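The next block holds one structure in the form of structure tokens; read it before the comments.
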Amino acid sequence: MPELPEVETVRRGLEPVMVGARLVAVEQRRPDLRFPFPDAFSERLAGRRIVALGRRAKYLVADLDDANVLVMHLGMSGSFRVESGGSENSPAPGAPQKNTAHDHVVFALSTGARIIYNDPRRFGFMDLVPRDALAAHPLFKSLGLEPLGNELDGAALARLFAGRTTSLKAALLDQTLVAGLGNIYVSEALHRAGLSPRRAAGSLARKDGTPTERAHRLAKTIREVLEEAVAAGGSSLRDHRQTNGALGYFQHSFRVYDRELGPCPTPGCGGIIRRITQSGRSTFFCAACQR
DNA sequence: AGTTGCACCTGGCTGC
DNA sequence: TGCAGCCAGGTGCAAC
């Protein structure tokens, strides 16, 4: 399900529920997701207060009051839902009926709320690490630029992509370069920038490593599409929802993703959206206006 | 070192 | 209705 905008939407949904609350009990219903849970996972969490809930790339990072952090990744199909313990126990309009078949972790909070992690495909995972060891964590140490941070601009893209023969599509999916884009938003950002997903990533840098006009354009559209998607509450395809059950609505703003054979939305273009496969994943683009 | 393809897992949809 | 085949928002890892 989740690329950066969906993870950020989840973070914003969980933050007011989790931060300041204490974990009364954590029920871990299976030994592993994509990876085994850390030893004594539930026991180490029980009694801890959640001090902050942050995000790095597609990871959620919950700061605990014992100087550890709970790291959570949603994989392809992970989601959280909140069951309020308060008197007004009403889910958002349109909230889905509960599918509890793949509820793997249940966090019971001191406020009475429960947060349930559901993940049919189990590509997600959780880990518990000392906060000061997070940057050196195997899954964090090689993460690339945070695309909504200040570091991402044309110069940074050119520096990262210089000399690379791989496609722009593959380079943008590489989390060690820019961390947070996934299959949807790469297609969307490239279309907005008018760049072919098949173009060599290295072509965004001049010989001396300085950024081309295209590099500046791409940096701008990456930021734009992610910001717009976050503002829309992410995209709801298949089962992804916000933590209160509400649907995100950015999928209605997709210009190319999942729009094979549809008209190119670029004014005056007249092209047709095509679907191709790159590194085993679908890419959607318009060959007429994306060069 | 950079690049590519496979593997992990379940469920939903399509077409026979 | 049943079932095989394909596809899905991610990413670690082996192999070239």
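Letters A, B, ... are given to chains in the order of the sequence lines, protein chains preceding strands, and every chain is numbered from 1. Both backbone and side-chain heavy atoms feed into the values below; hydrogens, waters and symmetry mates do not. None of these values were measured; they are calculated from a predicted model.
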Select base, sugar-phosphate, or nothing to describe what [X] touches, counting heavy atoms under 4.0 Å on all strands.
X: Arg122(A); result: sugar-phosphate
X: Tyr59(A); result: sugar-phosphate
X: Gly182(A); result: sugar-phosphate
X: Arg164(A); result: sugar-phosphate
X: Leu139(A); result: sugar-phosphate
X: Tyr257(A); result: sugar-phosphate

Note to self: Taking Leu195(A) as the starting point, is it possible to reach Ile222(A) by hopping between hydrophobic residues whose side chains are less than 4.5 Å apart?
What the structure shows: yes
Note to self: Of the listed nucleotides (dC9(B), dG9(C), dT11(C)), which one gets closest to any side-chain atom of Arg121(A)?
What the structure shows: dC9(B)
Next item on the list: For dT11(C) and dA1(B), measure between their P atoms and round to the nearest Å.
Entry: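 Taking atom P in both dT11(C) and dA1(B), they lie 23 Å apart.
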Next item on the list: Take atom C1' in dT3(B) and the same atom in dG9(C), then report the distance between them in whole Å.
Entry: 23 Å
Hey, is [X] close enough to [Y] for a salt bridge, meaning N to O under 4.0 Å?
X: Asp103(A); Y: Arg81(A); result: yes
X: Asp32(A); Y: Arg34(A); result: no
X: Asp65(A); Y: Arg22(A); result: yes

Next item on the list: Name the pairing partner of dA8(C), where a pair is Watson-Crick or G-U wobble with both distances under 3.5 Å, or state none.
Entry: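 The base-pairing partner of dA8(C), which may sit in any strand shown, is dT10(B).
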Next item on the list: Scan every strand shown for a Watson-Crick or G-U wobble partner of dA15(C), both distances under 3.5 Å, and answer none if you come up empty.
Entry: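 dT3(B) - that is the nucleotide pairing with dA15(C), both distances being under 3.5 Å.
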side-chain N/O [X] vs [N] OP1/OP2, d < 4.0 Å:
X: His73(A); N: dG10(C); result: no
X: His102(A); N: dG11(B); result: yes
X: Arg281(A); N: dT11(C); result: no
X: Ser279(A); N: dT3(B); result: no
X: Thr166(A); N: dT4(B); result: yes
X: Lys58(A); N: dG9(C); result: no
X: Ser235(A); N: dG9(C); result: no

In whole Å, I'd like the distance from the [atom1] atom of [X] to the [atom2] atom of [N].
X: Leu237(A); N: dC13(B); atom1: CG; atom2: P; answer: 13 Å
X: Arg259(A); N: dG9(C); atom1: CZ; atom2: C1'; answer: 15 Å
X: Asp258(A); N: dC7(C); atom1: CG; atom2: C1'; answer: 11 Å
X: Phe161(A); N: dA1(B); atom1: CZ; atom2: P; answer: 20 Å
X: Leu173(A); N: dG5(B); atom1: CG; atom2: C1'; answer: 14 Å
X: Lys141(A); N: dG12(C); atom1: NZ; atom2: C1'; answer: 12 Å
X: Phe35(A); N: dC13(C); atom1: CZ; atom2: P; answer: 6 Å
X: Leu33(A); N: dA7(B); atom1: CG; atom2: P; answer: 22 Å

Check: Taking Asp63(A) as the fixed residue, which of Arg48(A), Arg131(A), Arg49(A) is the one that meets the side-chain hydrogen bond (donor to acceptor under 3.5 Å, both in side chains) rule?
Finding: Arg131(A)
Note to self: Ring centres within less than 5.5 Å and planes less than 30° apart: is that true of Phe123(A) and dC9(B) in this structure?
What the structure shows: no
Next item on the list: Pick out which of Ile115(A), Val105(A), Leu70(A) makes a side chain to side chain contact (heavy atoms under 4.5 Å, CB included) with Val26(A).
Entry: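 So, applying the side chain to side chain contact (heavy atoms under 4.5 Å, CB included) to Val26(A) and each of Ile115(A), Val105(A), Leu70(A), only Val105(A) qualifies.
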Margin query: With a 3.5 Å distance limit and no angle check, can you tell me whether Glu260(A) reaches the backbone of Phe284(A) through a side-chain donor-acceptor pair?
Written below: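 No, Glu260(A) side chain to Phe284(A) backbone: no donor-acceptor pair under 3.5 Å.
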Item checked: Upstream residue (5' side of DNA chain C) when Arg275(A) and Gln175(A) are each assigned their closest nucleotide ->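 Residue closer to the 5' terminus by nearest nucleotide: Arg275(A).
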